[in-house]
2 protein chains.
Amino acid sequence: MGFKKNRIKLEDIANKLNLSIATVSRALDQNPRVKQSTREKVIQTANDMGYMPNQIAKSLSSGKTNIIGVIIPRYDEPFFIEVCRGIDHYVSTHNYKILISSSRNSFDSEVENLASFERGLVDGIILSPTHETKTFSHIKNVINAGIPVVLFDNIIEEMHGADHVLIDDKKAAFSAVEFFIKKGKKQIAFIGGAKEKKVFKDRFEGYKEALNTYNIPMNQNLILHCNSLDRKSDNIEINSFFNSPQIKPDAVFTCTDNYGLLTMKTLLKLGYKIPEDISVIGFGDLGLADVFVPSLTCVAQPSFEMGQKVAELLINQLSEPENINHQKKVITLDTKIILRESTP
Amino acid sequence: MGFKKNRIKLEDIANKLNLSIATVSRALDQNPRVKQSTREKVIQTANDMGYMPNQIAKSLSSGKTNIIGVIIPRYDEPFFIEVCRGIDHYVSTHNYKILISSSRNSFDSEVENLASFERGLVDGIILSPTHETKTFSHIKNVINAGIPVVLFDNIIEEMHGADHVLIDDKKAAFSAVEFFIKKGKKQIAFIGGAKEKKVFKDRFEGYKEALNTYNIPMNQNLILHCNSLDRKSDNIEINSFFNSPQIKPDAVFTCTDNYGLLTMKTLLKLGYKIPEDISVIGFGDLGLADVFVPSLTCVAQPSFEMGQKVAELLINQLSEPENINHQKKVITLDTKIILRESTP
DNA sequence: TTTAAAAAAACAAACGTTTGTATTATTGTT
DNA sequence: AACAATAATACAAACGTTTGTTTTTTTAAA
């Protein structure tokens, strides 16, 4: 702790006032066990001397750090930042702070981060698993060690043993594709990300089910799974996809806002009119979907709210008595389609 | 610290092996004072028992938390996130973690955050002052308490007593406007944010100086200072600005990427051709400047690098011997113009 | 006044480490 | 076999709080 050794502590106040450390501690805590006049004297002196409590000592003694650890796959995705904002918003009203770590989309780093948090620095953990994460044991271990964990986004079956918050990706995709179908679209393209990622798999399921429900044959040429290393590679993949001669879509459902914007960029360069010639729907509704010309119709994902809910579940666990057997909780949030210029 | 009471500690290992706590501690530390065979036995047992060191106790004892506190004005600006990425990148190689807090653009909240960090939770602090921040004393106090502080972005004169990293906003704006002038532009508009904010003031200075240097009269009608509450209000202000009959710019220098994109959106809606009729330059080069159609030429601000530099200055301070009198350090990073489609 | 009850404050252990100093065990020398 | 010298380990204080228990002081009743 980067402070000089002459930092004022309880002992200094106690010495100055000829009181015991315990009394000073209780006085500053507004504990009624110490006399009103003493309490005032202590508080006055503490202020005069510039006393600052030592959070670390407090934590060691009380067994609480009032810090929530948050592990996200990456910083540079507005979705995660928005969720963090939601978490921060909620926990700050409960006197908690958040410690954010990035797993940089690596399972090993996720395990490492978890272990680091397990060293007692945090009271609870919020985790968004990477798409590399196929197991639950590393999470289960933390839970078994008595540290509450809540998950969000990209939750696979195995992880249902932990509290979590998610959206119904399949349903959301279904409704977007259904929207296209009801507008009379027949050649609906799908642009998703790495197939191993749960959210993309689910959204693809929703796409297929919508086509199936309305008896529209699926055309493999209209389907693209980006590898999504970065925006530049996405751009290249999407470009060559639409430049292929087999492609004649009249609508495109994309699994992220970025894919949606890159798709529109590509289509505009190719001379398409949006939405007259072709419609586009994005997924997420963060960033600049509303700034682009034309603005992008989106499946809106309630990111901030998701953060709040995740935080709420965690704080609830933290305030439960230790011995009661925790009942697993799952919250599924609703999505909705925000209509803009990229669709008729 | 959210863990069950039955958590394994040094004492448990010591008891099991009939050793003292000190020896166990040293063994796990790879301290040569303990015999090779003992060391191995201890490490083996620690693993078997599932020992996890208690970070809080470690911190109390060692006086170091290995946490860096970072205070940014807001989460939802890619610039700050990018800086945080840079910080994280640098400090993680030095075995530090970052604790990010948002001051929500409020001076009071900044003071509060600083005080909270001063309670011994962090070894050092990185701060980006809000635009409300006009004083230095609250920062000076923290420094005087022995906690290293490094500042970035929006640094006013008063704060020069602390290490800081910045760009030359005036020079950057000057070069962007000069670029326009050399392309033959005569009616160069300026779109900035709240005038109290240092960065916007400096960029405005650069704009004025460029005009002045090339003997171009300044036209008040071509200047807009947005209040910048959120993107929606920016949009409205920029819209009504360009819809005014007095405005006939042939180029627009905007102080952020967002302003640049909103400007292009407005101009496109009004039927302008970019860059044929009018050119636009943004500032920052984060987010979607390269995705927009047309893509936006930008003054690129090295955000990630800024984070790394800030972190480097802080880590340097942390590794200095306590008694030496710290020599204040200032790093000014270079900007450059990234040419894209919005300029000829 | 003495004494019991209540109020106020002091004492001391605990939280889980680190680390300087003291003690015990081992080795090598004669 | 006795004795240094050194290696290995144990002891104990310290980090700055919190909090249960005990002691002292004050108040009020007899």
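Note that the structure is predicted; figures quoted are calculated from it, not measured. In what follows, every chain begins at residue 1, and chains take the letters A, B, ... in the order their sequences are listed.
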For atom [atom1] of [X] and atom [atom2] of [N], their distance in whole Å:
X       : N      : atom1 : atom2 : answer
A:Glu11 : D:dA13 : CD    : C1'   : 13 Å
A:Leu60 : C:dT18 : CG    : P     : 12 Å
B:Ile13 : C:dT17 : CD1   : C1'   : 12 Å
A:Asp12 : D:dT17 : CG    : C1'   : 13 Å
B:Arg26 : D:dA7  : CZ    : P     : 15 Å

* **5'-most by nearest nucleotide on DNA chain D - A:Ile21 or B:Ser37** => B:Ser37

From [options], pick the nucleotide closest to the side chain of [X]?
X       : options                : answer
B:Val34 : C:dG16, D:dT18, D:dT9  : D:dT9
A:Thr38 : D:dT19, C:dA9, C:dC15  : C:dA9
A:Asp29 : C:dA12, D:dT17, D:dT18 : D:dT18

* Hey, does the side-chain of B:Arg33 have a donor or acceptor N/O within less than 3.5 Å of a partner on the base of C:dT21? -> yes

* Asked: Got a donor-acceptor pair under 3.5 Å from the side chain of B:Thr23 to the base of D:dT9?
  -> no

* Structure fact -> Per side-chain contact (heavy atoms from CB on, under 4.5 Å), A:Phe107 is matched among A:His138, A:His131, A:Glu112 by A:His138

* Asked: So, is B:Ser20 near the phosphate of D:dC11, with a side-chain N or O under 4.0 Å from OP1 or OP2?
  -> no

* Asked: What is the minimum heavy-atom distance between A:Thr130 and A:Asn154, and which atoms define it?
  -> O-ND2, 3.3 Å

